[in-house]
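Presented below is the structure to which this report refers.
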Amino acid sequence: MKRFQAHIFFGSGLCAAAAIYACGSSSNNNTGGGPPLNEAGSDTTSSGSSGSSSGTGSSSGTGSSSGTGGSSSGADAGDGGPPPSCDSLPGTKVYIESGDTQEPLLKTLGRQLRDDANVTILFELTGSCTLSPNLYNATPIPKNSTMLYIPSTAENPTWTTKMAENTCTTSATAGTPPDLGISALFPSSCAGLGAPPAGIGQFNGPIQAYTFIVPSAEFANQTAILAPEAYYAFGDGVNNPVTWNGAMEWNDPTQFYLRPATKSTLVATAKNIGLTPAQMTLAGADGGTSDGRQLLASSTMVLSGVAAATSMQAIGILGDEVFDANRSAGVNVLAFAAFGQNDAFYPDSTPTAFDKQNIRDGHYTLWSPTVYITAVDGSGVPSNPAVKYITDLVLGNPNPTPPEGGTTIDGLADIVKVGLTPNCAMQVQRSGDGKPLSAYTPAAPCTCYFMSKATGATLPASCTTCTQNGDCTGTGAIGCFNGYCEYPPTPYPAGTPAGCDNTTIINACTNATAINKTGVVYPTADGGLLPPNP
């Protein structure tokens, strides 16, 4: 049997950029061999449609209010009559299919696009593994579909991102080809999808992190989850053999608050803990599950279900940006340790920070890039000028040009506002969901800019303002980007947490809160857990 000792380390201050050097530690809490899993059920999702991805709440994120399946509970335009035709709306129109985790960004960016660039985005919220094949195959949005759109200030001056979207209806005579798909995981993680067909491009955008959440009362005792613990819990359900401090843990599937198997939250989480979506959902042909675990149509349902739970075995999965917008809603995020990682970490440097430090530097591994899927020309550039403008905004590309002119939009600020992490602020990357991390240096880094916008973050002294590269004269300066001098990350001195070193990414030394969970005992009859081979 494997037993562990645990300590909690609290670093001082916030870090703009931790070193990404790998650290091969000899202490590997998260290894072993695979348990016999409950294999009942197929990879079939519930018939519930996707709902809103976020609630209302803190200053770090915008609230979400849409209803189900891309059909918002938002008000119709005008005097409350039937929704208008989408084609009748003003400006350049961009039809989008998006994972529901991206709703806050679409609401925030959509308002600015309407006001400042004469672009109207019309979107439906669905699963990442539903929209990706639709974009690959140019599957039209069905005629008479209800779409969401954001009113301009002229149309509704009192509208805010905490309110529902307006709705419109697609053509009654023919399907409407989608211009853009926004997946919240690698499309290759979806069953049957490989590389996109010729003429379809993929662009890795802001980072979408995922979390395990528990009721706040449970968090008072249980603050972290290790990858093998999650593997056994969701793989074996009621037969979960793992104990913690002598007691069984997370073995009541009726207290599992999950998403269907087409949703990025479920698929990405499963990939990161060595399970398939089918194993994690145990979904039956009727949309139910074989052991009572709950597959919920929206992230808000997960949030409210976990918040209301009184069982100390309750656990759910949620997008990190949804949690950020609902930190006072009665749930807490568990620190997570990947396979081979010595300590568990929160997405941020501390449980209360908003700096995404551990996502950016590789200590928190439960994330995927958002992937923007669209038709491209022979040079790999989005064919639709409005789509190119949108992708330039969210990727932080310099000098984005609106198709009809207009005022410059700060897309990076929108990304930070809704709790996502700009790709240009990352120091690590991966080639697929659950795959190992590797060091990454963006061509146009924006770490300082990100820190200047993140709620409560302390801007490092090296982040001096600038207008041109010549203003950045310090040793090792990369250049002037987004108004700040950028420098390579500096490794933290050895010693925190205990046993860290700067030779592997996930075990590198850091000032972030680290939890080395004690008292976890895994079964020995099957040889213990073996890490998956991503």
Side-chain angles (χ1 to χ4, degrees), residues 41 44-58 61 63-69 73 99-101 103-104 125 127 184 208-223 225 229-230 233-234 237-238 240 249-270 273 275 277 280-284 286-334 336 347 366 419:
T44 306
T45 67
S46 69
S47 58
S49 56
S50 89
S52 150
S53 67
S54 141
T56 59
S58 83
S64 162
S65 52
S66 81
T68 58
S73 58
D100 62 2
T101 59
E103 183 183 12
L125 303 172
Q208 169 70 59
Y210 299 102
T211 62
F212 291 100
I213 60 169
V214 296
S216 294
E218 184 177 338
F219 184 76
N221 184 46
Q222 182 77 281
T223 59
I225 185 168
E229 287 182 286
F234 297 105
V238 69
N240 179 12
E249 61 171 8
W250 296 311
N251 66 346
D252 181 356
T254 66
Q255 296 299 304
F256 294 173
Y257 297 84
L258 309 176
R259 302 298 308 282
T262 58
K263 302 296 184 180
S264 61
T265 307
L266 187 287
V267 177
T269 301
I273 60 174
L275 297 174
M280 192 158 177
T281 57
L282 295 184
D286 62 355
T289 61
S290 61
D291 62 0
R293 60 188 69 192
Q294 302 183 51
L295 306 185
L296 301 174
S298 71
S299 293
T300 48
M301 295 173 70
V302 172
L303 181 70
S304 60
V306 174
T310 57
S311 169
M312 291 298 101
Q313 303 298 322
I315 188 169
I317 56 175
L318 195 67
D320 183 43
E321 85 295 342
V322 182
F323 170 72
D324 277 353
N326 294 276
R327 290 201 181 190
S328 60
V331 301
N332 287 82
V333 163
L334 294 175
F336 176 73
L366 194 54

Check whether the side chains of Arg293 and Thr281 place a donor and an acceptor atom closer than 3.5 Å, and report yes or no.
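No pair is found: no donor N or O on one side chain lies under 3.5 Å from an acceptor on the other.
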For Ser264 and Tyr210, which I'm curious about, is there any donor-acceptor pair between the side chains at under 3.5 Å?
yes
Interatomic distance, [X] atom [atom1] to [Y] atom [atom2] [nearest 0.5 angstrom]:
{"X": "Leu295", "Y": "Met280", "atom1": "CG", "atom2": "CE", "answer": "10.0 Å"}
{"X": "Ser299", "Y": "Asp100", "atom1": "OG", "atom2": "CG", "answer": "5.0 Å"}
{"X": "Gln255", "Y": "Glu218", "atom1": "CD", "atom2": "CD", "answer": "9.0 Å"}
{"X": "Asp320", "Y": "Leu366", "atom1": "CG", "atom2": "CG", "answer": "9.5 Å"}
{"X": "Thr101", "Y": "Leu125", "atom1": "OG1", "atom2": "CG", "answer": "9.0 Å"}
{"X": "Glu249", "Y": "Gln222", "atom1": "CD", "atom2": "CD", "answer": "5.5 Å"}

Taking all atoms of both residues into account, what is the closest heavy-atom pair of [X] and [Y], and its distance?
{"X": "Ala209", "Y": "Glu321", "value": "O-OE1, 4.4 Å"}
{"X": "Val322", "Y": "Asn326", "value": "O-ND2, 2.8 Å"}
{"X": "Arg259", "Y": "Leu266", "value": "O-CG, 3.3 Å"}
{"X": "Pro347", "Y": "Thr211", "value": "CG-CG2, 4.0 Å"}
{"X": "Val267", "Y": "Ala261", "value": "CG2-O, 3.2 Å"}

Determine whether [X] and [Y] make a side-chain contact, defined as any pair of heavy atoms from C-beta on separated by less than 4.5 Å.
{"X": "Leu258", "Y": "Phe234", "value": "yes"}
{"X": "Ile273", "Y": "Phe336", "value": "yes"}
{"X": "Ile213", "Y": "Val333", "value": "yes"}
{"X": "Phe256", "Y": "Asp291", "value": "no"}
{"X": "Leu334", "Y": "Val214", "value": "yes"}

Report yes or no: does Asn240 contribute a side-chain atom to a donor-acceptor pair with the main-chain N or O of Trp250 at less than 3.5 Å?
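Looks like yes, one N/O pair under 3.5 Å.
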How far apart are the C-alpha atoms of Ile315 and Ile225, what are their side-chain angles, what is the distance that settles it, and do they pass the side chain to side chain contact (heavy atoms under 4.5 Å, CB included) test?
CA-CA 10 Å; Ile315 188 169; Ile225 185 168; 3.9 Å; yes
Tell me which donor-acceptor pairs under 3.5 Å the side chains of residues 304-312 have, and how far apart each pair is, sequence neighbours excluded?
from, atom 1, to, atom 2, distance (Å)
Ser304, OG, Thr300, O, 3.1
Ser304, OG, Met301, O, 3.2
Ser311, OG, Gln313, N, 2.9

Which residues share a ring pair (Phe, Tyr, Trp, His ring centres under 6.0 Å) with Tyr257, sequence neighbours left out:
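Scan of Tyr257 (ring pair (Phe, Tyr, Trp, His ring centres under 6.0 Å), adjacent residues dropped) gives none.
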Salt bridge (charged side-chain N to carboxylate O under 4.0 Å, His left out) contacts in which one or both residues fall within residues 294-318, not counting sequence neighbours
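For residues 294-318: none.
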